[in-house]
There are 2 protein chains.
Amino acid sequence: MSQAETVILEKQLCFAVYSASHAFTRAYRTLLEPLGLTYPQYLVLLVLWERDGMRVKEIGARLFLDSGTLTPLLKRLEGIGYVRRIRDANDERQVSIMLTPAGQALEAKAAAVPKDLQCLIGVPGDEIGMLAEQVAKLRNGLQHASGELGTRELEGE
Amino acid sequence: MSQAETVILEKQLCFAVYSASHAFTRAYRTLLEPLGLTYPQYLVLLVLWERDGMRVKEIGARLFLDSGTLTPLLKRLEGIGYVRRIRDANDERQVSIMLTPAGQALEAKAAAVPKDLQCLIGVPGDEIGMLAEQVAKLRNGLQHASGELGTRELEGE
DNA sequence: GCAATTTTAATTGCACACGATTTAATGTTG
DNA sequence: CAACATTAAATCGTGTGCAATTAAAATTGC
């Protein structure tokens with residue numbers, strides 16, 4: 001039984017996503033290196049360029065990351081000089097992340113990145129959008145299902 | 001200009017893949033925890049269950065990982081008792097990874113994992129296969145394109 | 001046959017990720 | 001308003017990922 005049902009790695013959606021994610025990160029590394037950014041740092045800036053002054057919690061909700069990941073990352077971004085971390089005067093539990101002038105100016109410098117990457121992907125532009133939508137739906141399904149797992153332990157089957 | 005062309009995070013294929021990959025890892029964590037495995041460790045075992053005794057380099061080629069990642073991971077798998085690392089007597093640079101009896105026995109215990117996860121995905125079974133294929137193709141394209149980047153620096157544009 | 005090159009792992013250093021815990025501040029409730 | 005609960009970050013420990021370097025062994029050229 002064990003031999004007959006050997007799992008084929010290449011057919012697994014999860015592995016495809018896992019390995020594609022790393023391939024993306026590697027591709028971005030080359031493009032972002034001139035800006036002194038890693039891909040997760042770039043993601044945080046994308047969020048802030050959309051709306052400046054977001055709190056750590058909000059950024060985390062947007063990127064599906066928690067404070068354990070974001071706090072050190074944001075401190076590095078602050079160290080580079082792209083953001084400032086400002087504790088809210090009204091509610092001192094919260095920390096707002098503000099772009100510095102350098103951080104704002106970076107948006108223009110990073111403008112070419114998405115186009116450069118799109119050239120690398122080697123997939124027709126219209127397919128990219130559809131694929132992104134499908135993968136996002138997949139993520140949302142998993143996100144929801146994982147929450148369930150904590151409660152009911154899948155033992156019923 | 002900067003405001004008009006703001007990059008919308010949710011439309012980016014890369015972010016979808018990045019966040020879906022983490023969602024997968026989280027989902028697997030719950031399923032693999034009883035086996036004492038992380039997802040990358042599980043991937044290595046999948047490869048070894050297909051063919052035992054592979055060298056580090058071969059495993060890396062299969063999973064798109066290098067020795068910097070695999071060496072410590074394999075040492076942990078050895079510490080748990082699922083594999084042994086055996087240095088080739090003929091070519092002492094090479095290390096073969098052999099499953100222990102416990103590592104072999106684990107295949108049967110892990111047999112339920114893919115099915116359990118498929119239930120969580122919430123995507124019709126036939127779509128999963130197609131999606132996996134598309135994402136794998138995307139990864140292969142990126143993999144190839146990233147190799148190019150090192151040589152010609154995209155400066156032509 | 002031996003020096004130069006190539007190949008294979010290991011090692012090192014840095015940056016995520018995330019579960020779990022801690023700390024501090026804020027809400028809530030009797 | 002005091003006890004309790006909730007919330008937001010920070011902290012801690014473990015485990016990836018990967019570039020760069022090192023070390024050892026095999027291969028090649030001459």
Side-chain angles (χ1 to χ4, degrees), chain A residues 15 18-30 32-33 36-44 54-61 63-80 85-97 143 146-147 149-150, chain B residues 15 18-30 32-33 36-44 54-61 63-80 85-97 139 142-143 146-147 149-150:
Chain A
F15 176 66
Y18 166 87
S19 52
S21 177
H22 292 158
F24 261 123
T25 303
R26 277 191 289 269
Y28 265 108
R29 192 186 314 275
T30 313
L32 294 175
E33 197 217 46
L37 295 175
T38 64
Y39 179 64
Q41 289 167 3
Y42 171 71
L43 285 180
V44 167
M54 286 182 81
R55 296 189 292 271
V56 175
K57 186 85 173 184
E58 294 173 313
I59 297 173
L63 301 180
F64 304 96
L65 298 172
D66 71 357
S67 72
T69 300
L70 286 175
T71 295
L73 188 157
L74 290 168
K75 284 184 177 173
R76 273 174 223 120
L77 276 183
E78 188 176 40
I80 303 171
R85 304 175 333 114
I86 298 162
R87 203 162 279 277
D88 190 314
N90 293 350
D91 184 344
E92 296 210 349
R93 289 170 304 182
Q94 301 183 133
V95 171
S96 293
I97 310 299
Q143 201 75 17
S146 291
L149 268 187
Chain B
F15 176 66
Y18 166 87
S19 52
S21 177
H22 291 157
F24 261 122
T25 304
R26 277 191 286 273
Y28 265 107
R29 193 187 312 277
T30 313
L32 293 176
E33 197 217 46
L37 295 175
T38 65
Y39 180 63
Q41 289 167 2
Y42 171 70
L43 285 180
V44 168
M54 288 182 81
R55 295 191 294 270
V56 175
K57 185 84 173 188
E58 293 173 313
I59 296 172
L63 300 181
F64 304 94
L65 298 172
D66 72 356
S67 72
T69 301
L70 285 175
T71 296
L73 187 158
L74 290 168
K75 285 183 177 174
R76 273 174 221 117
L77 277 183
E78 189 176 38
I80 303 172
R85 304 177 332 117
I86 298 163
R87 202 164 281 278
D88 190 315
N90 294 349
D91 184 342
E92 296 212 348
R93 290 169 306 179
Q94 301 188 20
V95 172
S96 293
I97 310 299
R139 176 202 59 215
L142 282 168
Q143 200 74 19
S146 290
L149 267 187

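As the structure is a prediction and not an experimental result, all values here were calculated from the model.
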How is A:Asp88 classified with respect to the nucleic acid when contacts are heavy atoms under 4.0 Å: base, sugar-phosphate, or nothing?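 Counting heavy atoms under 4.0 Å across all strands, no contact is made by A:Asp88.
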
Counting the atoms with a prime plus P, OP1 and OP2 as sugar-phosphate, which does B:Arg76 contact under 4.0 Å by heavy atoms, base, sugar-phosphate, or nothing? base

Return the orientation label for the A:Tyr18 and A:His22 ring planes: parallel under 30°, perpendicular over 60°, tilted otherwise. perpendicular

Under 30°, 30 to 60°, or over 60°: which ring-plane class applies to A:Phe64 and B:Phe15, parallel, tilted or perpendicular? parallel

Check whether any side-chain N or O of [X] sits under 4.0 Å from OP1 or OP2 of [N], and answer yes or no.
X       : N      : result
B:Arg87 : D:dA25 : no
B:Arg29 : D:dT14 : no
A:Lys75 : D:dT11 : yes
A:Arg26 : D:dG17 : no

Whole Å only: how far is the [atom1] atom of [X] from the [atom2] atom of [N]?
X       : N      : atom1 : atom2 : value
B:Lys57 : C:dT6  : NZ    : P     : 14 Å
B:Leu32 : C:dC18 : CG    : P     : 15 Å
A:Gln94 : C:dA25 : CD    : P     : 13 Å
B:Leu73 : C:dT11 : CG    : C1'   : 16 Å
A:Ile86 : D:dA10 : CD1   : P     : 13 Å
B:Asn90 : C:dT8  : CG    : C1'   : 15 Å
B:Ile80 : D:dT16 : CD1   : C1'   : 14 Å
B:Phe24 : C:dC18 : CZ    : P     : 15 Å

Is a donor-acceptor contact shorter than 3.5 angstrom present between the side chain of A:Arg93 and the base of D:dA8? no

So which atom in A:Val56 and which in A:Leu70 form the shortest heavy-atom distance, rounded to 0.1 Å?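 Shortest heavy-atom separation between A:Val56 and A:Leu70 comes out as O-CD1, 3.7 Å.
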
Closest approach of A:Ala27 and B:Leu142, non-hydrogen atoms and distance? CB-CD2, 4.2 Å

Taking atom CG of B:Leu65 and atom CG of B:Leu73, what is their separation to the nearest 0.5 Å?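 Nearest 0.5 Å value for the CG-CG distance: 8.0 Å.
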
Counting only side-chain heavy atoms from C-beta out, which of C:dC16, C:dA10, C:dC18 sits nearest to B:Thr71?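 Among the listed nucleotides, the one closest to the side chain of B:Thr71 is C:dA10.
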
With respect to the side chain of A:Arg85, which nucleotide from D:dA10, D:dT16, C:dA10 is positioned closest?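 In terms of side-chain proximity for A:Arg85, the closest of D:dA10, D:dT16, C:dA10 is D:dA10.
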
Which sits closer to the 5' end of DNA chain D, B:Gln41 or A:Arg55, going by the nucleotide each is nearest to?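 Per heavy-atom nearest nucleotide, the more 5' residue is A:Arg55.
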
Nearest nucleotide by nearest heavy atom, which residue falls closer to the 5' end of DNA chain D, A:Tyr18 or A:Asp91?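 Whichever sits nearer the 5' end wins; that is A:Asp91.
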
For DNA chain C, which residues of residues 63-70 of chain A approach it to below 4.0 angstrom with any heavy atom? A:Phe64, A:Leu65, A:Asp66, A:Gly68, A:Thr69

Go through the steps for A:Lys75 and A:Glu78 under the test salt bridge (charged side-chain N to carboxylate O under 4.0 Å, His left out), then give the verdict. CA-CA 5 Å; A:Lys75 284 184 177 173; A:Glu78 188 176 40; over 6 Å; no

Tell me, with the steps shown, if B:Val44 and B:Leu77 meet side-chain contact (heavy atoms from CB on, under 4.5 Å). CA-CA 9 Å; B:Val44 168; B:Leu77 277 183; 3.9 Å; yes

Do A:Ser19 and B:Arg139 pair up side chain to side chain, a donor and an acceptor below 3.5 Å, judged on atom types alone?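 B:Arg139 and A:Ser19 do have a side-chain donor-acceptor pair below 3.5 Å.
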
